[in-house]
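Presented below is the structure to which this report refers.
Numbers here are sequence positions counted from 1.
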Amino acid sequence: MKRRNFIEMIGATGGLFAAAPMIMSPESLYAGNSKNKKRNGSPEVVADLVVAGAGMGGCACALAALRNGLSVIMTEETDWIGGQLTQQGVPLDEHRWIETHGATHLYRDFRTALRQYYKRNYPLTEAAAARSELNPGDGAVSRLCVEPRVGVAVLTEMLAPYISSGKLSLLLNCKVKSADVEGNKVRALEVINRQNGQLLLLKAPYFADATEMGDLLPLTGTEYVTGTESKKETGELHAPEVGDPDNQQAFTLCFAMDYVPGENHVIDKPADYEFWRSYIPRLNPSWPGRLLDLTYSTPATLAPKTLGFHPGGGKTGDVMNLWNYRKIINRHNFVPGFYPGDITVVNWPQNDYMLGKLVDVSGKEFQKQLDNARQLNLSLVYWLQTEVERPDGGAGWPGLRLRGDVMGTEDGMAKYPYIREGRRIKALFTVLEEHVGIENRTLVKGKHAAAKAARFYDRIGVGSYYLDLHPTTKGNNYIDLPSLPFEIPLGALIPQRMENLLPACKNIGTTHITNGCYRLHPVEWNIGEVVGMLACYSSKKNVLPRDIREKERLLTDFQQFIQSQGIEIEWPE
């Protein structure tokens, strides 16, 4: 299929789409397909590919499969598509070359569409509208900080033609409950509508796991790992001597705030405020003091580092203003008076939740930890409103206001926690620190040989980011190591045993350490997009994904196939 630019497809004056994607009910989905039948009273629906999870990887996977002629059913347990960008509220984490290369063409089309959405629909200043690389929020973390709702709207535009034609069935508020597995193959997934309890059976030749925690892996019996591996297992320079599957990175329940000078939006004192106000991460001996403080551990050195905070945009001395870190609306980019203040997303060291994990726990425990994280967030808000030291010597900013509308929730918290580390498949090939980390590669290969990351013969994508790991549930502090622009090997996308289940986000064959650079937005998108094409290629050639990697002729042909549709598989010299 000839690749078409998404911007050309929707047109320069594309219309304003609703923030909520179109969705087929299980009843209409079942009724509209002549192949469908009922089994044990549950409607049974058939497609070429079932994608569980509509995050960045899931949407990219679906789009890649759809543009190559497959029919797709995609489920999403929340009511927003977009994963870490939208339902989790995390602005794009990317590398320095993202505007020109180092990502798939479709991903950069998506970024262009985000900018055009603002230019079509928002009252930008003339200067902002003229910026080819518009950054609506001007957040320090990214060259493109946007509101979660805009991410939902643009992804909806991209999926809308396929939904209209019936090629894509999107099931929101639906979570996979169980799996029907025979030998090394998944036969069907049973999903439950979280609003009314209705069950639906989804059948397909191929299944993609794009859930945030790798939910399909335990349900299908696919071998996987969690937490830290030992140095003996991986040989990695910064691996611990003893591995621990329960030692996982902190998750974060992000939230949105704006600042209205002269108004009082102080919330009621949270029930757990006294606990969080005095909490010191005692499991983490190198943490410099209380969690609710402007001083934290510098990720690269673990030395204490103090930040500033001024939601009005004022000076904070020689230190970074934390307010600007993940700012998604800079009021100065819009006509005067349109916004009373900036809007920022709080995904900071102060609201990393380290006291419990979300992976491989009961539903009751999951909710308990989520509720605790919400109390941490509310305590942080209250502290910022009433106690944080101001540059002028005062205390607190009562004009800070939680923005539930920005996150699509009543309380301002994200719809879903930001999961940095979920389950990872036991893959045909596992990416190790020695493949991407500068220090480890230098140790193994020598200084000159370590000028580049490892070259993979089966490369199917690229990415770049620090080996960035947040504090863990068992007391490890940050691990923040320099890495090299890297490749994504096909072998990391193929389970050791299962034949028709493929990981489509950050659940690929990495370690606890290398997960730190393979989990970001453009890499997840690259993985998902390739998996959609892998399902298509395998189906049309009537071969297994592992055959493509193991047979040189098939691998070369597949690499040419994905490159013809805009997948970059190596970095330019």
Name the atoms and distances for all side-chain donor-acceptor pairs under 3.5 Å in residues 317-324, with sequence neighbours left out.
residue : atom : partner : partner atom : Å
Asn321  : OD1  : His310  : N            : 2.9
Asn321  : OD1  : Trp323  : N            : 3.1
Asn321  : ND2  : His310  : O            : 2.8
Trp323  : NE1  : Pro311  : O            : 3.4
Asn324  : OD1  : Lys327  : NZ           : 3.2

Please test Glu212 against Lys506 for salt bridge (charged side-chain N to carboxylate O under 4.0 Å, His left out), starting from the C-alpha separation and ending with a verdict. CA-CA 8 Å; Glu212 297 300 321; Lys506 52 184 173 284; 2.8 Å; yes
Stepwise side chain to side chain donor-acceptor pair (under 3.5 Å) check, Asp352 with Thr252: CA-CA 5 Å; Asp352 272 1; Thr252 304; 2.6 Å; yes
Start with the C-alpha gap between Leu189 and Leu216, add the side-chain angles, then the distance that decides, and say whether side-chain contact (heavy atoms from CB on, under 4.5 Å) holds. CA-CA 9 Å; Leu189 298 177; Leu216 299 193; 4.0 Å; yes
Would you sort out whether Phe255 and Val345 count as a side-chain contact (heavy atoms from CB on, under 4.5 Å), showing the intermediate values? CA-CA 6 Å; Phe255 62 93; Val345 167; over 6 Å; no
Decide side-chain contact (heavy atoms from CB on, under 4.5 Å) for Asp480 and Leu467; before the verdict, give the C-alpha distance in whole Å, the side-chain angles of both, and the deciding distance to 0.1 Å. CA-CA 6 Å; Asp480 192 62; Leu467 288 163; over 6 Å; no
Please report the C-alpha distance between Asp342 and Tyr259 in whole Å, then the side-chain angles of each, then the deciding distance to 0.1 Å, and finally whether the side chain to side chain donor-acceptor pair (under 3.5 Å) criterion is met. CA-CA 6 Å; Asp342 303 331; Tyr259 175 63; over 6 Å; no
Between Asp215 and Lys175, does a salt bridge (charged side-chain N to carboxylate O under 4.0 Å, His left out) hold up when you go through it step by step? CA-CA 9 Å; Asp215 292 347; Lys175 183 177 176 62; 3.2 Å; yes
Run the side chain to side chain donor-acceptor pair (under 3.5 Å) test on Asn515 and Arg420 for me, step by step, so that the C-alpha distance in whole Å, both residues' side-chain angles and the decisive distance to 0.1 Å come before the verdict. CA-CA 8 Å; Asn515 161 265; Arg420 295 180 176 86; over 6 Å; no
Residue pair Tyr117, Glu147: steps toward the side chain to side chain donor-acceptor pair (under 3.5 Å) verdict: CA-CA 11 Å; Tyr117 190 95; Glu147 300 159 274; over 6 Å; no
Walk me through whether Leu170 and Val72 qualify under side-chain contact (heavy atoms from CB on, under 4.5 Å). CA-CA 8 Å; Leu170 176 60; Val72 177; over 6 Å; no
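Salt-bridge annotation for Asp405 and Arg149: absent, with no side-chain N of the basic residue lying under 4.0 Å from a carboxylate O of the acidic one. The existence of a salt bridge linking Glu99 and Arg96 is excluded, since no basic side-chain nitrogen approaches an acidic carboxylate oxygen closer than 4.0 Å. Using a 4.0 Å cut-off between charged side-chain N and carboxylate O, Glu133 and Arg115 make no salt bridge. Remark: Glu387 engages Arg277 in a salt bridge, criterion side-chain N to carboxylate O under 4.0 Å. Residues Glu365 and Lys357 are not paired through a salt bridge, judged by the lack of any N-O separation under 4.0 Å between the basic side chain and the carboxylate. The existence of a salt bridge linking Lys415 and Glu410 is excluded, since no basic side-chain nitrogen approaches an acidic carboxylate oxygen closer than 4.0 Å. Using a 4.0 Å cut-off between charged nitrogen and carboxylate oxygen, Arg194 and Glu77 count as a salt-bridge pair.
Taking the six-membered ring for Trp, Tyr325 and Trp348 have ring centres at least 6.0 Å apart. Under the 6.0 Å cut-off for aromatic ring centres, Tyr416 and Trp80 do not qualify, their centroids lying 6.0 Å or more apart.
With hydrogens and angles ignored, the 3.5 Å screen pairs a side-chain donor or acceptor of Asn264 with a backbone N or O of Val266. Side chain of Thr510 to backbone of Thr514: no donor-acceptor contact under 3.5 angstrom is found. With Ser483 contributing its side chain and Tyr465 its backbone, the two residues share a donor-acceptor pair below 3.5 Å. Judged by distance alone, with hydrogens and angles left aside, the side-chain atoms of His95 form a donor-acceptor pair with the main-chain N or O of Gly102 at under 3.5 Å. Side-chain N or O atoms of Ser178 include none that pairs as donor or acceptor with a backbone N or O of Leu219 at under 3.5 Å. At distances below 3.5 Å, not a single donor-acceptor pair connects side-chain atoms of Asp468 with backbone N or O atoms of Gly516. Between the side chain of Arg108 and the backbone N or O of Ala103, at least one donor-acceptor pair lies under 3.5 Å. Remark: side-chain polar atoms of Glu524 are paired, donor with acceptor, to backbone N or O of Gly57 under 3.5 angstrom. Although no hydrogens or angles enter the test, the distance criterion places a donor-acceptor pair under 3.5 Å between the side chain of Gln249 and the main chain of His470. Here the side chain of Asp272 pairs no donor or acceptor atom with the backbone of Gln375 at under 3.5 angstrom.
With a 6.0 Å radius and a threshold of 12 heavy atoms from other residues, nucleotides or ligands, Glu389 has its CD atom at or below the threshold. Residue Asp392 qualifies as enclosed at atom CG: its count of foreign heavy atoms under 6.0 Å is above 12. The number of heavy atoms from other shown groups lying within 6.0 Å of NZ (Lys305) does not exceed 12.
Each salt bridge (charged side-chain N to carboxylate O under 4.0 Å, His left out) pair with one or both residues in residues 81-94, not counting sequence neighbours, appears once here: Asp93-Arg326, Glu94-Arg111.
A side-chain donor from one of Asp371 and Gln367 sits under 3.5 Å from a side-chain acceptor of the other. Asn247 and Thr472 are linked by a side-chain donor-acceptor pair at a separation below 3.5 angstrom, with hydrogens and angles left out of the test. In the model, Gln385 has no side-chain atom that pairs as donor or acceptor with a side-chain atom of His265 under 3.5 Å. For the residue pair Thr104/Asn526, the side-chain donor-acceptor check at 3.5 Å is not satisfied. Side chains of Asp79 and Asn173: a donor-acceptor N/O pair is absent below 3.5 angstrom, by distance only.
Met74 places a side-chain heavy atom less than 4.5 Å from the side chain of Leu159. For the pair Gln369/Val361, no side-chain contact is recorded, criterion being any heavy-atom separation below 4.5 Å from C-beta on. The shortest side-chain heavy-atom distance between Val381 and Ile267 falls under the 4.5 Å cut-off. Side-chain contact check for Phe309 versus Thr316: every heavy-atom pair is 4.5 Å or farther apart. Using a 4.5 Å heavy-atom threshold, the side chains of Leu114 and Phe110 count as touching. Looking at Leu92 and Cys145, their side chains never come closer than 4.5 Å, going by heavy atoms from C-beta outward. Put simply, the side chain of Phe251 reaches to within 4.5 Å of the side chain of Leu370, judged on heavy atoms. Side-chain atoms of Thr78 and Leu172, non-hydrogen and from C-beta on, never get closer than 4.5 Å to each other.
The side-chain tip of Arg423 points at the ring of Tyr224 from less than 6.0 angstrom away and within 45° of straight on.
Counting all heavy atoms, side chain and backbone alike, Lys474 lies closest to Asp246 at NZ-CB, 4.0 Å. In terms of heavy-atom proximity, Leu253 sits nearest to Ala414 at CD1-O, 3.7 Å.
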